[in-house]
Amino acid sequence: MTRTPQPRFLQGADALRPLARLLLTLILLLAVAARPVLAQSLLRDAETEALLQDMMDPITVAAGLRPGQVRVHLLSDRSINAFVAGSQDIYVHSGLIEAADSANEVQGVLAHELGHIMGGHAIRVGEGAKAATGISLLSLLLGAAAMAAGGGEAGMGVMMAGQQAALGKFLAFTRTQEATADAAGAQYLSKAGISGRGSLAFFKKLQNLEFRYAVSQDDDATYSRTHPLSGDRIQALRDGYVADAAWDKPSDPDLEKRFQRVKAKLVGYIAEPEKTLRDYPESDDSIPAHYARAYAWHKSAYPQKALGEVDALLKRDPEDPYFLELEGQVLLESGKPEEAIPPLREAVANSRSAPLIAATLGHALIATEDPANYAEAEKVLKTAVALDNENPFAWYQLGIVYAARGDQARAALASAERYSLEGGQAGLALRNAEVAMQGLPQGSPDWIRAQDISMVARAEVERERKRR
């Protein structure tokens, strides 16, 4: 047998610093967990983004902001969740769209998240951590005093109890934020003239999940939760929603139709094809069903069947830009870029140059490998990045066009733009920006942009170096 040496206790303030740092780290990690990090990939789709923005804008205006000031992003994540991340951007998981039965339900969630934004909750999370740390530091002082008096076990007990109290304080802080966001969201829905029925219906879905997974509904269990129980939230909101003038107001029928289309195409894109075909059988002749099956067949590498579903959609509305976009996408990704160009051109025109659709057209033009198409590709891709400069794929395609015509400086600038948008690529962004600056006229708009990217990327590279 061997004897494990007993640790030497640090004296005075030295004893407190490691434990305080440890607790603060734990609290900050918990704070991050309460607002999921952007580890998931963004799902970009012109039709979906237009719908989400149209659903969001009336609520945004009701909160006193301008239309478009709060943006909604879709993340590829099958869990039922939405969150804000310290900005005026709301992130919605694809699983939430799948779970929702109506646009009205999603608007209830968006109103709640707007409540977090208007309350500055992502920024104020440090207040909860500060209060919890204060409790913990007091427990550390008391515990250290007990240890110094010879009560080692008693001292550790005081410290552990203090940490538990600190955790409870922080969780209570987050539950208060959730309740405040619920109340604010209800106010925004009311001012926007949107019924709270969808909000209650979605909370009921969450409550059913709590029942399904045997989440304790006892009051004592609430102590360890970041959110109030769904039943409590329903009870707190119901009377106000029912009394509101908008309670019996029907949802916007156009939004609801568009939501069912977007939900169907999302299911077709994300779910296994077999499940999609079960949920949307061929006996279903609705637009959402054709949409879902088109994506399911395309995903299964049956382009002709996918195009058959697209043809059924175009018979309903031959000028719909999103149906035309889907036809072009299936043809392009099936190795027929020349055939994809006409429907994509029409889709761009009918969508008023929607940047995501324009980027796809640019891709198709380049994929023909016909230099005669490059001038048009450059034009549509410039339009795409001018309207939406946060699309790394569009920048990549534009870089190909510049390189093909021998403009290496602007090809490097396009690559710098691309890498600056892709996480963890600061080094490549820096190198390409520096190459661009060497070949561009000093002081020109492009040179200044390359300089901006260089400065930001250099700072990020330096931060990464220090972290190591």
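Interatomic distance, CZ of Arg449 versus CG of Leu440, reported as 13.0 Å (0.5 Å rounding). Here Lys191 contributes atom NZ and Leu189 contributes atom CG; the two are 11.5 Å apart, rounded to the nearest 0.5 Å. Here the straight-line distance linking atom CG of Leu313 with atom CD of Glu309 works out to 7.5 Å at 0.5 Å rounding. Between Met55 atom CE and Ile194 atom CD1 the span is 9.0 Å, to the nearest 0.5 Å. In this structure, the separation between CD on Gln53 and CZ on Arg71 is 7.5 Å, given to the nearest 0.5 Å. Note that the OG1 atom of Thr48 and the CG atom of Leu266 stand 6.5 Å from one another [nearest 0.5 Å].
Counting heavy atoms from C-beta outward, Val348 and Val380 have side chains that stay 4.5 Å or more apart. Taking 4.5 Å as the limit, every side-chain heavy atom of His93 sits out of range of all side-chain heavy atoms of Arg78. A 4.5 Å side-chain heavy-atom check between Ser94 and Leu43 finds at least one atom pair inside the cut-off. You'll find the side chain of His73 stays beyond 4.5 Å of the side chain of Ile90, heavy atoms only. Proximity of Leu52 to Phe259: side-chain heavy atoms (C-beta onward) are nowhere separated by under 4.5 Å. You'll find the side chain of Val106 reaches within 4.5 Å of the side chain of Ile97, heavy atoms only. Side-chain contact between Tyr295 and Val267 is absent, with no heavy atoms from C-beta onward closer than 4.5 Å. The side-chain heavy atoms of Ser420 and Gln425, taken from C-beta on, include no pair separated by under 4.5 Å.
For OH of Tyr269, the number of neighbouring non-hydrogen atoms (other residues, nucleotides, ligands) closer than 6.0 Å is 12 at most. No more than 12 heavy-atom neighbours from other residues, nucleotides or ligands sit within 6.0 angstrom of CD on Glu319.
Of all non-hydrogen atoms in Asp89 and Ile117, the two that sit nearest each other are N-CD1, 4.2 Å. Between Lys265 and Tyr291 the shortest heavy-atom distance is NZ-OH, 3.4 Å. Ala364 and Pro337 get closest at one heavy-atom pair: O-CB, 3.6 Å. Residues Glu325 and Ala347 share a closest heavy-atom pair of N-CB, 3.8 Å. Across every non-hydrogen atom of Gln329 and Leu344, the tightest pair is N-CD2, 4.5 Å. Closest heavy-atom contact between Leu331 and Glu339: CD1-O, 3.5 Å.
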- Task: Show your working on side chain to side chain contact (heavy atoms under 4.5 Å, CB included) between Asn432 and Leu413 and close with a plain yes or no.
- Result: CA-CA 6 Å; Asn432 279 279; Leu413 177 57; over 6 Å; no
- Message: Run Asp252 and Arg258 through side chain to side chain contact (heavy atoms under 4.5 Å, CB included) and show every step you take.
- Response: CA-CA 10 Å; Asp252 182 332; Arg258 291 168 63 193; over 6 Å; no
- Task: Could you check Val72 against Val92 for side chain to side chain contact (heavy atoms under 4.5 Å, CB included), going step by step and ending with a plain yes or no?
- Result: CA-CA 7 Å; Val72 184; Val92 176; 3.8 Å; yes
- Task: Could you walk me through whether Glu105 and Asp101 pass the side chain to side chain contact (heavy atoms under 4.5 Å, CB included) test, one step at a time?
- Result: CA-CA 7 Å; Glu105 289 186 12; Asp101 292 319; 3.7 Å; yes
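Applying the side-chain hydrogen bond (donor to acceptor under 3.5 Å, both in side chains) test to every pair with at least one member in residues 380-398, sequence neighbours left out, gives these pairs: Arg44-Asp388, Glu378-Lys382.
Remark: the backbone N or O of Pro321 is not paired with any side-chain donor or acceptor of Asn350 at under 3.5 angstrom. No side-chain donor-acceptor contact under 3.5 Å links Glu346 to the backbone of Pro343. Although no hydrogens or angles enter the test, the distance criterion places a donor-acceptor pair under 3.5 Å between the side chain of Ser415 and the main chain of Ala411. Between the Glu256 side chain and the Asn104 main chain, a donor and an acceptor come within less than 3.5 Å of each other. Remark: side-chain polar atoms of Lys299 are paired, donor with acceptor, to backbone N or O of Ala271 under 3.5 angstrom. Remark: the backbone N or O of Pro288 is not paired with any side-chain donor or acceptor of Gln260 at under 3.5 angstrom.
One finds a salt bridge joining Arg410 and Asp407 here, because a Lys/Arg side-chain nitrogen approaches an Asp/Glu carboxylate oxygen to under 4.0 Å. Note on Glu47 versus Arg261: salt bridge recorded, some NZ/NE/NH1/NH2 to OD/OE distance being below 4.0 Å. Ionic pairing of Lys379 and Glu376 is not present here: no N-O contact between side-chain nitrogen and carboxylate oxygen is shorter than 4.0 angstrom. Between Arg467 and Glu464 there is a salt bridge, since at least one side-chain N of the basic residue sits less than 4.0 Å from a carboxylate O of the acidic one. Using a 4.0 Å cut-off between a side-chain N of Lys or Arg and a carboxylate O of Asp or Glu, Glu460 and Arg463 qualify as a salt bridge.
Remark: the Asp77 side chain and the Ser79 side chain contain an N/O donor-acceptor pair separated by less than 3.5 Å. Looking only at atom types and distance, the side chain of His116 has a donor-acceptor partner in the side chain of Glu178 under 3.5 Å away.
The distance between the ring centers of His363 and Phe393 falls below 6.0 angstrom.
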